[in-house]
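Take a look at the structure below.
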Amino acid sequence: MRITDTADLWWKNAVVYCLDVETYLDWDGDGCGDFAGLAQRIDHLADLGVTCLWLMPFYPTAERDDGYDITDFYGVDPRLGTHGDLVEVIRTAKDRGMRVIVDLVVNHTSAKHPWFRSARSSKDSPYRDWYVWRADPPPDTSAEVVFPDQEDSIWQLEEKTGEWYLHKFYKEQPDLNVANPAVRDEIAKVMGFWLQLGIDGFRVDAVPFLLETSGIPEEETERFPDPHEYLRALRSLVDRRAGDGVLLGEVNLPHDQQQQFFGGTDGDELTMQFDFIAMQAMYLSLARCDVAPLVDALTSRPATNPDNQWGMFVRNHDELTLDKLSEDERAEVFAAFGPDPDMQVYDRGLTRRLPPMLAGDPRRVRMVYSLMFSLPGTPVLFYGEEIGMGENLAAEGRLAVRTPMQWTSGRNGGFSTAAPSKLPGPVVEGGFSPEFVNVADQRRDPDSLLSFMKLLVRRYRESPELGWGTFEVLGQPHPQVLAHLSTWDDGTLVALHNLGAEPRTVPLVLPDCGSTHRLEDLLEPGSTPLADDGSVELTLDGYGYRWLRVVAEDSRRLV
């Protein structure tokens, strides 16, 4: 492999940044974020080092599920702007070296989508079989609902026709019938439309639900014998239309099942998947101050095609789900990071951001982000993480972390000049309010979290072995410490992270190294020699972290 190969498989060492246009920056003063505002902040993202911008749903919506209940897959919500405004954002982002991906939410539509409005009106509607119906009363399906605090069944009676329609999410989000070839063709057309406008791929929402055929009559599923064949076809479509496009899938399943959604070792289905297993194990390790759960999760990843990649994240736009932990393990994380009931949701997750969970301790916050960037995979940031934003627990459920972006210490955090009552949600209050946490102040502070995140992004981009290389856990005696080695081509990087509050001295032996090698610190000035046998002792502060490049005497790598 050569360094030039990283340009072809760009997602292997990208830096992805997720935002909701509605909550990012309001430019026209109506209280709602818009594409004109986003365009004004593209340079902030470029300065941070973002290489891939992920836009949450910006389509017309009935606003039942924060934009994920879509009424027009080909449209742009007029509150946010027009197709022309979106194209200007895409063009500006690409000029700054950023690719753009968008949410693909085609497991369901809004109940107010024209297709469903027609389908529910008559059994003879041409769109009737675009959805899933049953004539007989459904059994108890309360255990299958995604939002147990809102729904008690995945079937909803439509009074006009006397039949029930399927909805795995809210009843206002009827499921599309993916066994119907016309539906599959329409999904491909939707993807083709946005690819033609210049986007570079999709974050695919709820992929297992999209391919799920339970509830669909058997005679229809016979038309759809292999759902993964369809996923492969969608990947081929993106490859043909975009060349180097990407499908980043939301697949919250055990690792062995995730491998199937990659397309096995052929790697011809999803390009990338979020590693929910490692994320949840990381929080368990943080709660215990013991790296064992995280190490187990990372080393149990199944083999994947070299073209595929895992997405690593600390926080996303949904609840911080802990559903793959055991009940006792989940209780440990709740006790450590969200002991109050209003911090928890669905009995499986947290509605908090990282800094408040860690009581605002800058050492721990920086250690966690350093850890995330150093682990094998592609880092994915949620807007506001770069400055350490908190949540607003007064907002309902998952909306607690979808608060307006904090640009300045002024009114509404500089998000909008409108009255607070017109904003899409309440601004964070208390110790993480804009008065204390905002972009403008941190831009001028070399010791701020924003400055540290810029350094992490820069070092990550200069270290392709973190996205491309092998991952090896290095033996050492401290359960609080993760020491690992990443190697690719002529680059080798050692990363150490101390999850505990006490300082540690970490003895290591680096394979195939000796006194002709040295370790150069990448996050602060410093150099450490190695003994003839490759041994070295490295110090770590409490909640300390270090990135060290292994440099040989004849190395031509810049450090």
Side-chain angles (χ1 to χ4, degrees), residues 11 16 18 54 56 68 101 103-105 107 146-148 168-169 202-212 231 246-263 269-288 291-304 308-334 336-338 344-354 357 368-369 371-373 375-382 385 397-398 401 471:
W11 53 85
V16 182
C18 169
W54 159 20
M56 290 171 61
Y68 284 87
I101 64 174
D103 254 302
L104 182 69
V105 190
N107 167 67
V146 175
F147 304 121
K168 294 291 179 64
F169 293 83
F202 303 90
R203 177 267 184 184
V204 190
D205 185 64
V207 183
F209 290 100
L210 170 63
L211 302 187
E212 177 60 57
L231 192 54
V246 65
L247 288 179
L248 169 56
E250 180 192 29
V251 183
N252 183 13
L253 293 173
H255 274 152
D256 58 340
Q257 295 179 49
Q258 285 190 270
Q259 184 186 39
Q260 185 181 11
F261 284 84
F262 275 129
E269 295 185 33
L270 294 173
T271 321
M272 298 178 63
Q273 292 183 61
F274 296 105
D275 192 344
F276 284 93
I277 305 301
M279 180 276 292
Q280 297 181 48
M282 181 189 73
Y283 278 98
L284 182 59
S285 284
L286 291 172
R288 293 178 173 177
V291 301
L294 178 57
V295 169
D296 288 345
L298 293 170
T299 55
S300 67
R301 283 177 173 176
T304 59
N308 294 134
Q309 183 63 301
W310 296 97
M312 300 300 299
F313 63 105
V314 169
R315 194 65 179 85
N316 64 11
H317 59 290
D318 288 325
E319 78 275 9
L320 198 161
T321 185
L322 303 169
D323 64 322
K324 296 300 182 290
L325 300 180
S326 70
E327 187 173 343
D328 288 343
E329 291 170 339
R330 189 159 49 248
E332 287 184 66
V333 179
F334 281 164
F337 303 128
Q344 305 167 15
V345 67
Y346 312 138
D347 294 324
R348 66 177 185 238
L350 292 166
T351 59
R352 311 196 71 196
R353 285 185 182 249
L354 180 74
M357 285 194 283
V368 172
Y369 283 110
L371 175 64
M372 188 264 284
F373 271 89
L375 294 177
T378 294
V380 181
L381 294 170
F382 186 45
E385 284 192 280
R398 299 180 297 175
V401 300
F471 171 77

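Everything numeric here is computed off the predicted structure, so don't read it as measured data.
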What is the minimum heavy-atom distance between [X] and [Y], and which atoms define it?
{"X": "His255", "Y": "Ala297", "answer": "CE1-O, 3.2 Å"}
{"X": "Ala292", "Y": "Ser285", "answer": "N-OG, 4.2 Å"}
{"X": "Gly311", "Y": "Val380", "answer": "CA-CG2, 4.5 Å"}
{"X": "Leu253", "Y": "Pro208", "answer": "CD1-CG, 3.9 Å"}
{"X": "Pro254", "Y": "Ile277", "answer": "CA-CD1, 4.1 Å"}

Between [atom1] on residue [X] and [atom2] on residue [Y], distance to nearest 0.5 Å:
{"X": "Leu231", "Y": "Leu210", "atom1": "CG", "atom2": "CG", "result": "7.5 Å"}
{"X": "Arg301", "Y": "Gln259", "atom1": "CZ", "atom2": "CD", "result": "13.0 Å"}
{"X": "Trp54", "Y": "Asn316", "atom1": "CH2", "atom2": "CG", "result": "6.5 Å"}
{"X": "Leu371", "Y": "Leu286", "atom1": "CG", "atom2": "CG", "result": "7.5 Å"}
{"X": "Trp310", "Y": "Met272", "atom1": "CH2", "atom2": "CE", "result": "11.0 Å"}
{"X": "Met282", "Y": "Met372", "atom1": "CE", "atom2": "CE", "result": "8.0 Å"}

Practice prompt. Kindly indicate, with the supporting measurements, whether the criterion side chain to side chain contact (heavy atoms under 4.5 Å, CB included) is fulfilled by Glu385 and Leu354.
Written response: CA-CA 8 Å; Glu385 284 192 280; Leu354 180 74; 5.6 Å; no
Please tell me if the side chains of [X] and [Y] come closer than 4.5 Å, counting only heavy atoms from C-beta onward.
{"X": "Phe334", "Y": "Leu322", "answer": "yes"}
{"X": "Gln344", "Y": "Leu350", "answer": "yes"}
{"X": "Leu248", "Y": "Gln309", "answer": "no"}
{"X": "Asp318", "Y": "Glu250", "answer": "yes"}
{"X": "Thr378", "Y": "Val16", "answer": "yes"}
{"X": "Lys324", "Y": "Glu329", "answer": "no"}
{"X": "Phe337", "Y": "Leu320", "answer": "no"}
{"X": "Leu325", "Y": "Tyr283", "answer": "no"}

Worksheet item: Is the Phe169 to Tyr68 ring centre distance short of 6.0 Å?
Response: no
Item to complete: With side chain to side chain contact (heavy atoms under 4.5 Å, CB included) as the test, would you mind laying out the steps for Asp347 and Arg330 before giving the verdict?
Response: CA-CA 9 Å; Asp347 294 324; Arg330 189 159 49 248; over 6 Å; no
Item to complete: Please name the residue in the list Phe274, Phe382, Tyr369 that meets the ring-ring contact (aromatic ring centres under 6.0 Å, His included) test with Phe313.
Response: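 Of all the options given, the one that passes is Phe274.
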Practice prompt. Applying side chain to side chain donor-acceptor pair (under 3.5 Å), run through Asp323 and Thr321 and close with a yes or a no.
Written response: CA-CA 6 Å; Asp323 64 322; Thr321 185; 2.9 Å; yes
Worksheet item: Can you tell me if Gln258 uses its side chain to pair, donor with acceptor, with the backbone of Val251 under 3.5 Å?
Response: yes
